[in-house]
> 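Input: one structure, supplied below.
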Amino acid sequence: MTGEGCVPGAPEEGAFAVDARDGRVGRVTGRSGPDVRLRPPGGGPEWDCPPEAVRPASPGVVLRARVTEINREGQLPR
């Protein structure tokens with residue numbers, strides 16, 4: 001993420017990240033004060049994660065998350 005107060009190496013907005021506290025995967029949606037906001041792949045409630053607990057997602061995790069999102073999009077009514 002770019003900007004003031006960001007942890008070096010923190011994932012950019014729109015990237016997938018892992019909450020190291022519990023292993024949940026989410027897409028970075030922005031910041032809430034000092035915390036990073038994450039949304040689970042495929043939808044669901046966002047949660048706040050302290051910047052020191054946010055880790056970039058590995059390529060395998062990103063692939064699984066993208067498949068989840070694509071599957072969810074295919075189930076939505078048109």
> Can a salt bridge be assigned to the pair R72 and E69 using a cut-off of 4.0 Å between side-chain N and carboxylate O?
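Result for this pair is no, no salt bridge flagged.
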
> To the nearest 0.5 Å, what is the distance between CG on D35 and CD on E52?
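Atom-to-atom, D35:CG and E52:CD are 8.0 Å apart.
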
> For R39 versus G44, what's the shortest heavy-atom pair and its separation?
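Nearest pair, atom of R39 first, then G44: CG-O, 3.8 Å.
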
> Please report the C-alpha distance between V28 and L38 in whole Å, then the side-chain angles of each, then the deciding distance to 0.1 Å, and finally whether the side chain to side chain contact (heavy atoms under 4.5 Å, CB included) criterion is met.
CA-CA 5 Å; V28 177; L38 298 170; 3.7 Å; yes

> Just jot down the side chain to side chain contact (heavy atoms under 4.5 Å, CB included) partners of A20, sequence neighbours excluded, or say none.
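With sequence neighbours excluded, A20 shows a side chain to side chain contact (heavy atoms under 4.5 Å, CB included) to R55, given in chain and number order.
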
> Taking all atoms of both residues into account, what is the closest heavy-atom pair of V54 and P11, and its distance?
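So the two residues come closest at CG1-CD, 3.6 Å.
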
> Work out which heavy atom in C49 is nearest to a heavy atom in R21; give both atom names and the distance.
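Minimum heavy-atom contact is CA-NH2, 3.7 Å.
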
> Side chain to side chain contact (heavy atoms under 4.5 Å, CB included) with A65: which residues, sequence neighbours excluded?
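Result, side chain to side chain contact (heavy atoms under 4.5 Å, CB included) vs A65: F16, V25, P41.
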
> If the condition is salt bridge (Lys or Arg N to Asp or Glu O under 4.0 Å), which residues does R37 pass it with, not counting sequence neighbours?
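Testing R37 for salt bridge (Lys or Arg N to Asp or Glu O under 4.0 Å), a comparison that skips the adjacent residues, returns E46, D48.
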
> Under a 4.5 Å cut-off applied to non-hydrogen side-chain atoms, are P40 and R24 in contact?
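With C-beta onward as the side chain, the pair stays apart.
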
